[in-house]
Asks: 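Sharing a structure with you now.
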Amino acid sequence: MTTASTPAKLTTGTLVAGCFAVMVAQIGIAIPATLNGLFQQDLHPIGSQLTWISDAFLLPVAVLELTFGVLGDLFGRKRLMLVGGALLAAGELVSATSTGVYLLWVGQALAGLGAAALFPTSLSMLAAGTDHQHRDRARAIAIWAGFLSAGGFLAPLLGGITATYGSWRSSFAVVALLAVLTALISALFAKDSSAPEGRSLDWGGQITLAIGLFALLVGVIEGPTDGWGSLTVVLAFVIAVIGIALFIAVERRTRSPLLRLELFRNRRFAIASIVAVVGMFSFLGTAYATSIRLGPIQEQAPLRTSVAFLLLQGPALLMIPLTSWLLHRVNPRWLLGGGFAIMGAGQLYAATLPISDGTLTALIVPLGLVGIGFAFAVCSITASAVNTVPPHFTGMASATTSLLRDFGFTLGPALVGAIALGRAAIGLGSALPGSGLPAAQVAAAQQVAAEGGPLAVNGLPPGAPGSAAHDLAFNALGHGYSIGYLVCGICALVAAVLAILVLHGGTAEQEESDSAVVTATV
């Protein structure tokens with residue numbers, strides 16, 4: 001077994017296994033977005049239940065990536081790849097056989113456990129095989145990031161085709177088969193690596209982190225439904241603050257922390273971390289808003305919905321040669337800043353689109369810009385974080401980068417859903433009394449909205465009590481998710497400004513000096 005202290009050349013088999021694993025994990029994350037409309041029609045989720053389908057997968061990814069990074073360092077990354085593939089397959093099978101929204105949550109959470117192992121482990125294996133080889137590492141990271149986006153590119157096609165000619169359950173069954181194939185490829189072709197020096201499990205850090213992040217999501221997601229001043233939501237935010245504060249306190253005192261806070265003394269690593277959270281929230285918030293716009297609101301078919309996600313995810317795959325070349329030669333702040341600026345322009349454009357426009361051509365420019373910007377940004381974030389730490393902390397840096405990226409992803413559906421649904425509920429509530437509709441229809445619509453929110457009113461079949469308020473709910477939802485696009489655009493521009501004005505540094509070859517700063521503090 002090779003270790004981080006014994007550099008080994010990256011083998012083709014390891015590269016293939018790592019890239020295929022991250023692609024399948026990303027398919028697992030992205031596929032529910034194409035199917036949100038079918039979930040609404042078939043399972044009739046109410047309130048925040050639709051948002052929880054996405055975040056049930058994302059939460060374990062964000063919470064457990066650091067622990068899986070440690071486990072890979074201790075016991076071997078190849079073994080973690082096998083475990084991750086098996087968990088992902090099991091979770092998708094549970095999802096495929098679910099008959100209600102609660103069992104679907106369970107399946108997605110189990111699949112998220114598998115993805116939590118695959119994301120940091122696949123990147124750590126590639127980084128370990130390119131130790132002290134900046135050109136090879138830049139190329140490997142660009143390929144890895146391209147396959148990550150390829151997963152997002154393939155997920156809507158997979159979801160659209162299987163849902164059209166089968167059902168949404170068929171989509172999860174196909175992902176389960178791909179997860180089994182991931183485990184087989186890793187077992188047959190991947191070369192093992194580890195970095196056990198100074199690493200051990202940090203149960204105190206893991207528990208406090210899990211409590212803090214879960215409570216934060218509960219507060220954000222349930223706020224629009226229960227009310228921001230409700231006891232449940234306020235208590236969730238209080239627990240989140242306490243949990244995160246305890247996590248920081250534990251990490252400062254334990255001998256073998258889950259996350260070495262000293263890593264953040266490196267200015268570029270710290271700024272790249274902030275940019276990762278803000279920028280990735282912006283990207284997945286846009287993807288989530290688009291899925292709700294096309295699915296539950298406009299009720300477009302999954303195959304049509306998949307086209308929008310090709311625009312969002314496709315550029316990163318097609319631009320691998322360009323991003324790899326730029327990553328090795330251009331100052332990271334220009335790639336990060338430029339990428340997020342392009343994303344922001346597309347998101348602000350999307351915010352101006354009327355909800356009544358159901359044509360796909362209207363989405364080509366705004367979503368294409370978001371996809372191109374994401375292609376530049378995602379590679380730059382990963383490379384900046386991994387290249388600024390010494391070799392024996394590669395596993396931790398990789399896991400931390402994945403955690404921050406996926407924490408931003410987790411916040412995307414949660415915050416955008418909360419903002420959009422909250423604003424839509426206010427808009428529908430204020431529009432109903434003066435709508436001129438019969439009193440019985442207004443009362444029925446108000447009752448449905450109180451129980452299931454604006455999406456439930458929008459989804460009422462013709463002739464059902466309250467269905468006359470469909471247009472009001474439709475317009476209120478359109479306005480709410482336009483605000484969601486606006487928030488994402490502002491966040492992308494904030495990330496761009498941070499990267500350009502604060503994130504100073506050179507190309508990948510010049511980053512080695514920063515490692516000395518981290519080494520001196522850890």
Side-chain angles (χ1 to χ4, degrees), residues 1-26 61 64-88 113-151 178-179 181-197 199 320 324 327 378-379 381-383 385-387 389-403 405-406 508:
M1 180 182 296
T2 59
T3 67
S5 60
T6 306
K9 183 176 177 59
L10 179 65
T11 65
T12 301
T14 303
L15 179 63
V16 170
C19 290
F20 190 80
V22 75
M23 182 184 71
V24 174
Q26 186 64 19
V61 172
L64 295 171
E65 277 186 312
L66 286 177
T67 291
F68 278 117
V70 175
L71 289 172
D73 286 348
L74 287 173
F75 304 111
R77 291 153 186 155
K78 181 173 180 175
R79 186 174 301 174
L80 261 291
M81 294 278 279
L82 300 178
V83 171
L87 287 172
L88 180 58
L113 287 174
L118 293 177
F119 278 122
T121 306
S122 61
L123 181 57
S124 296
M125 290 179 75
L126 303 189
T130 54
D131 186 20
H132 298 304
Q133 303 166 45
H134 294 297
R135 184 184 298 272
D136 290 342
R137 176 173 288 185
R139 177 176 173 272
I141 289 175
I143 295 172
W144 179 90
F147 272 84
L148 183 148
S149 290
L178 292 174
L181 184 58
T182 294
L184 290 175
I185 292 174
S186 298
L188 294 174
F189 302 112
K191 187 174 182 179
D192 202 4
S193 63
S194 65
E197 295 86 355
R199 303 290 270 145
I320 286 177
S324 178
L327 192 62
V378 69
C379 281
I381 288 174
T382 305
V386 173
N387 283 332
V389 298
H392 57 289
F393 288 122
T394 294
M396 178 176 285
S398 300
T400 303
T401 303
S402 296
L403 165 72
R405 183 195 66 237
D406 292 315

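Counting from 1, the numbers follow the sequence of the chain as shown.
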Asks: Taking Ala190's backbone N and O only, do any of them form a donor-acceptor pair with Lys78's side chain (distance below 3.5 Å, no angle check)?
Replies: yes
Asks: Quick one: pull up CE in Met23 and CG in Leu178 and give me the separation to the nearest 0.5 Å.
Replies: 7.0 Å
Asks: Work out which heavy atom in Gly84 is nearest to a heavy atom in Ala117; give both atom names and the distance.
Replies: CA-CB, 3.8 Å
Asks: So, the side chain of Ser124 versus the backbone of Pro120: is there a donor-acceptor pair under 3.5 Å, distance only?
Replies: yes
Asks: Among Leu82, Leu80, Asp192, find the residue that satisfies the side-chain contact (heavy atoms from CB on, under 4.5 Å) test when tested with Ser186.
Replies: Leu82
Asks: Rounded to the nearest 0.5 Å, how far apart are OG1 of Thr11 and CZ of Phe189?
Replies: 11.0 Å
Asks: Look up atom NZ in Lys191 and atom OG1 in Thr14, then write down how far apart they are to the nearest 0.5 Å.
Replies: 7.5 Å
Asks: Looking at side-chain heavy atoms only, is the closest gap between Val22 and Leu118 below 4.5 Å?
Replies: no
Asks: Any side-chain heavy atom of Thr182 within less than 4.5 Å of one from Leu88?
Replies: no
Asks: Between Thr121 (side chain) and Gly72 (backbone), is there a donor-acceptor pair under 3.5 Å?
Replies: no
Asks: Answer yes or no: is there a side-chain heavy-atom contact under 4.5 Å between Leu123 and Phe119?
Replies: no
Asks: To the nearest 0.5 Å, how far apart are CZ in Arg77 and OG in Ser193?
Replies: 4.0 Å
Asks: Nearest heavy-atom pair of Ala17 and Ile185: which atoms, and what distance?
Replies: CA-CG2, 3.9 Å
Asks: Specify the closest pair of heavy atoms between Ile143 and Cys19, including all atoms of both residues, with the distance to one decimal.
Replies: CG2-SG, 3.6 Å
Asks: Write down the atom of Leu113, the atom of Phe68, and the distance for their closest heavy-atom approach.
Replies: O-CE1, 3.6 Å
